[in-house]
Colleague: 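Okay, here's the structure, questions in a sec.
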Amino acid sequence: MDTEFPQEVRIQAEQLRRGTLGVVPEHGLEEKLARARRTGKPLRIKLGLDPTAPDIHLGFAVVLRKLRQFQDLGHQVVIIIGDYTALIGDPSGRSATRPMLSPEAVQDNARTYVDQLARILDRDRTEVRFNSEWLGKLDFAQVIQLASRMTVAQVLQREDFADRYARHQPISLHELLYPLAQAYDSVAIEADIEMGGQDQTFNILAGRDLQREMGQEPQAALFMPLLVGLDGVKKMSKSLGNYVGIAEPPDTMFAKLMSLPDALMRDYFVLCTDLPVPEIDALLQQAGSGAVNPRDVKRRLAREIVALYHSAAIADRADAEWMRVHSAGELPSEMPEVLLTTEHAREGNVWICRLLVVAGMARGTGEARRLIEQGAVLLNGTRQTDVNVEFPLHALNGTVLQVGPKRYARLKT
RNA sequence: GGGGAGAUUCCCGAGUGGCCAAAGGGAACAGACUGUAAAUCUGUCGCGGAAUGCUUCGCAGGUUCGAAUCCUGCUCUCCCCA
C-alpha cells in the first residue's frame with residue numbers, strides 16, 4: 001500500500017505524523033503531498049482561529065508547530081481569523097453557550113494573535129484571512145441553501161452538543177450554524193488540509209463534506225491532540241490557569257514546567273519539543289528504572305521548551321536559577337518589589353495582615369490571617385505566627401516576604 | 001399555545017420557617033512528607049483589625065418575632081404535549 005507513494009513523500013508524511021492523533025482519510029497526507037510534488041503547487045493548510053483568547057500557550061503551539069513543519073516543506077499556511085464566526089461563538093469543547101463578542105474586541109484580539117503567531121510560523125508562507133470576507137457576503141437565501149446540506153441529527157452527533165442536550169442545557173439555534181460556517185471557510189480558501197484539535201473533528205469533517213458537495217476535492221483532516229494542562233487533567237487553557245504561555249519569562253516557564261505531573265512528560269516531550277522520539281523514550285526509560293532522577297529528566301524537558309521560545313543559554317540559566325531556589329532553598333535572584341507607604345501604616349506601624357494584602361499575597365485581611373495561622377508566612381526567613389503583630393514602617397525596608405512555597409516579594413518603604 | 005420541573009456560596013450538589021454563612025464532593029490555598037511530580041495525612045476555603053458584627057441562596061415586593069425555605073409578580077432554563 002505504502003509503496004504507491006514515492007519514498008520522499010512517505011518520509012515527509014512520517015515526520016508530519018509525529019504527535020498527531022490521525023489523518024482522515026487514512027492516506028490523505030500521502031495523497032496530498034504526492035500531488036503537490038507532482039504539480040509543484042504547494043498545499044494550502046488551513047487553521048481556523050477563534051479570536052476570543054489571544055494568548056498563545058504550549059497547547060496551542062502544538063498545532064502551530066505542526067503548521068511550521070508544513071511550511072518548512074514548502075507549503076502554504078492559511079490562517080483564518082474567525083471574526084465572523086466569533087459572532088456565533090464556537091461551541092466546541094464548551095459545556096455552555098459562549099458569549100458573543102463585539103466587533104471591536106474581535107479586531108483587537110486578531111491583531112494580538114497575528115503578532116504572536118510570528119513567533120512560530122514563517123511569515124512568508126502564512127496567509128491571514130478574515131472569514132467575514134466571504135461569510136459576510138452570504139445572504140439569507142444562501143445560508144438556507146448551505147444549511148440544507150446538513151441535518152440536525154448530524155449536528156447533534158457532535159459530542160459537545162450531544163452532551164449539552166443530554167444534560168438539558170441550553171443550545172441556541174445559531175450555534176448549530178457554527179460547523180457550517182467553518183466548513184464554508186474550507187470551500188472559500190480551497191483548503192487541502194485542515195488542522196485542528198480533536199475537539200474540531202466534527203467541524204473539519206463537515207468541511208470535507210461541504211467541499212465535496214460544492215465540487216472541490218475534499219480536504220484531508222489532520223488531528224492534533226489537545227495538550228493536557230499543568231493540572232494533569234484538563235486541556236491546557238488560559239481560563240483554567242493550567243497553561244504555560246509561549247511569551248512568558250524563562251524562569252516562569254521553567255518553574256511551571258517543573259510542576260508538571262510525571263505522567264505527562266512523554267506528551268510534552270513529543271508535542272512540545274523537537275527531540276527525536278527514540279531519544280525521548282530512552283530518557284523516560286531511565287527515569288522509570290530509577291537510573292536517573294525523574295526530576296532531572298523533567299529539567300531536560302523544561303530546558304528544551306524554554307530554549308525553543310528563548311534560547312539555549314537562557315534555558316540553562318533558568319535551570320540554574322530553579323535549582324538554586326528549589327533544590328538549594330535559596331532566595332530567587334529576582335522578585336517583585338512592593339512599595340509600602342504611610343498609607344499602609346497606622347501610627348507608623350504596619351499590621352502584618354495589611355502587609356500581605358498590599359503585597360497581593362492575600363485578597364483580604366481575613367485570608368491573610370488564615371495564612372499566618374497556617375504557618376505560611378515568612379519574613380526574612382522567620383515564620384510569623386502572631387496575627388496581630390505590627391512592624392515599624394521603616395524597619396521593613398529591604399525585608400523579604402514569603403508566602404507559601406512559591407510567592408516572594410521584597411519590601412520597599 | 002397548554003402542562004410540569006427548576007434557578008443555592010468558584011463548580012457540582014444537599015437544604016423546604018429558627019439548631020444555616022448554609023451538608024457532601026470537586027477545585028483552590030496552606031502545613032507535613034517529597035524530586036516544588038504523584039500519592040497520602042491535616043487544616044482553611046462569603047466579608048472582616050474578629051465583633052452576641054456585616055452581606056449572601058435568580059430579581060423585586062410581601063407574610064412572619066424570625067425566610068434559602070411560605071405568598072405575589074418578574075427574568076431565565078429544562079422537560080412533555082401542540
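All chains are named by letter (A, B, ...) in the order of the sequence lines, taking the proteins before the strands, and each is independently numbered beginning at 1.
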Colleague: To the nearest Å, how far apart are D386(A) CG and A50(B) P?
Modeller: 15 Å

Colleague: Work out how far the C1' atom of C59(B) is from that of G48(B), and round it to whole angstrom.
Modeller: 27 Å

Colleague: List for me each residue that meets salt bridge (charged side-chain N to carboxylate O under 4.0 Å, His left out) alongside D185(A), sequence neighbours excluded, and say none if there are none.
Modeller: none

Colleague: Suppose you measure atom P in C12(B) against the same atom in G62(B); what distance do you get, rounded to whole Å?
Modeller: 31 Å

Colleague: Could you please name the partner base of U56(B), counting Watson-Crick and G-U wobble pairs only when both distances are under 3.5 Å?
Modeller: none

Colleague: Where is the tightest heavy-atom contact between I204(A) and A221(A), given as atom of each residue plus distance?
Modeller: CG2-CB, 3.4 Å

Colleague: In whole Å, what is the span from the CD1 atom of I372(A) to the C1' atom of G31(B)?
Modeller: 15 Å

Colleague: Which value, in whole Å, describes the distance between the C1' atoms of nucleotides A50(B) and G46(B)?
Modeller: 15 Å

Colleague: Is R324(A) salt-bridged to E321(A), going by a charged N under 4.0 Å from an acidic O?
Modeller: yes

Colleague: Each nucleotide in nucleotides 40-47 of chain B should get exactly one letter: B, S or -. Can you fill that in based on protein heavy atoms under 4.0 Å?
Modeller: ---BSS-S

Colleague: Expressed in angstrom and rounded to an integer, what is the separation of R354(A) atom CZ from A50(B) atom P?
Modeller: 11 Å

Colleague: What distance do R266(A) atom CZ and D262(A) atom CG have between them, rounded to the nearest 0.5 Å?
Modeller: 15.0 Å

Colleague: By nearest atom, which of the nucleotides A30(B), G35(B), A32(B) is closest to the L371(A) side chain?
Modeller: A30(B)

Colleague: List in chain and number order the residues that pass salt bridge (charged side-chain N to carboxylate O under 4.0 Å, His left out) with R123(A), two or more places apart in sequence or in another chain; answer none if no residue qualifies.
Modeller: none

Colleague: Mind checking salt bridge (charged side-chain N to carboxylate O under 4.0 Å, His left out) for R125(A) and listing every partner two or more places apart, or none if nothing turns up?
Modeller: D122(A)

Colleague: Rounded to whole angstrom, note down the C1' distance from G24(B) over to G15(B).
Modeller: 11 Å

Colleague: What nucleotide, of A30(B), A38(B), G35(B), holds the atom closest to the side chain of P261(A)?
Modeller: A38(B)

Colleague: Using the C1' atom as the reference point in each nucleotide, state the distance between G73(B) and A82(B) in Å, no decimals.
Modeller: 28 Å

Colleague: Regarding N203(A) and Q200(A), is there a side-chain donor-to-acceptor distance under 3.5 Å anywhere?
Modeller: yes

Colleague: Is the closest side-chain donor-acceptor distance between T85(A) and N131(A) under 3.5 Å?
Modeller: yes

Colleague: For G17(B) versus C70(B), give the span between their C1' atoms, rounded off to a whole number of Å.
Modeller: 8 Å

Colleague: Using purine N1 to pyrimidine N3 plus N6-O4 or O6-N4 for Watson-Crick, or N1-O2 and O6-N3 for G-U wobble, each under 3.5 Å, what pairs with A38(B)?
Modeller: none

Colleague: Return the value, rounded to whole Å, for the distance between atom CE of M361(A) and atom P of A30(B).
Modeller: 11 Å

Colleague: Without decimals, in angstroms, what is the distance between L356(A) CG and G48(B) C1'?
Modeller: 15 Å

Colleague: Mind checking the C1' distance from G31(B) to A22(B)? Whole angstroms is fine.
Modeller: 27 Å

Colleague: Does G6(B) have a Watson-Crick or wobble mate here (both distances under 3.5 Å), and if so which one?
Modeller: C76(B)

Colleague: To the nearest angstrom, how far is Y268(A) atom OH from A38(B) atom P?
Modeller: 13 Å

Colleague: Can you identify which nucleotide, out of C29(B), A50(B), G31(B), has its nearest atom closest to the R407(A) side chain?
Modeller: C29(B)

Colleague: Taking N and O atoms by type only, does the side chain of D262(A) place a donor or acceptor under 3.5 Å from a partner on the base of G35(B)?
Modeller: yes

Colleague: Check whether F269(A) forms a cation-pi arrangement with K298(A) (NZ or CZ under 6.0 Å from the six-membered ring centre, at most 45° off the ring normal).
Modeller: no

Colleague: Taking atom P in both A27(B) and A38(B), what distance in whole Å separates the two?
Modeller: 12 Å

Colleague: Strictly by Watson-Crick or wobble contacts shorter than 3.5 Å, is anything paired with C29(B), and which nucleotide is it?
Modeller: G43(B)

Colleague: Which nucleotide, if any, forms a Watson-Crick or G-U wobble pair with G24(B), using both distances under 3.5 Å?
Modeller: C12(B)

Colleague: Angle class for the H75(A)/F70(A) ring planes (parallel below 30°, perpendicular above 60°, tilted otherwise)?
Modeller: perpendicular

Colleague: I need the CG-P distance between L230(A) and A38(B), as an integer number of Å.
Modeller: 11 Å

Colleague: Pick one: which of E194(A), E190(A), E127(A) meets salt bridge (Lys or Arg N to Asp or Glu O under 4.0 Å) with R44(A)?
Modeller: E127(A)

Colleague: A255(A) or W351(A): which one's nearest nucleotide on RNA chain B is closer to the 5' end?
Modeller: A255(A)

Colleague: Generate the contact string for nucleotides 76-82 of chain B. Rules: B means base contact, S means sugar-phosphate contact only, - means no protein heavy atom under 4.0 Å.
Modeller: -SSS---

Colleague: Could you give the side-chain donor-acceptor pairs of residues 344-357 of chain A under 3.5 Å, partners two or more places apart or in another chain?
Modeller:
{"from": "H344(A)", "atom 1": "ND1", "to": "T341(A)", "atom 2": "N", "distance (Å)": "3.1"}
{"from": "W351(A)", "atom 1": "NE1", "to": "V387(A)", "atom 2": "O", "distance (Å)": "2.9"}

Colleague: Could you give the CE-to-C1' distance, from M265(A) to A37(B), as a whole number of Å?
Modeller: 8 Å

Colleague: So what's A51(B) paired with, Watson-Crick or G-U wobble, going by both distances under 3.5 Å?
Modeller: none

Colleague: Does any nucleotide pair with A67(B) by Watson-Crick or G-U wobble geometry, both distances under 3.5 Å, and what is it?
Modeller: none

Colleague: With nearest nucleotides of RNA chain B determined for V325(A) and R346(A) from heavy-atom distances, which residue corresponds to the more 5′ nucleotide?
Modeller: V325(A)

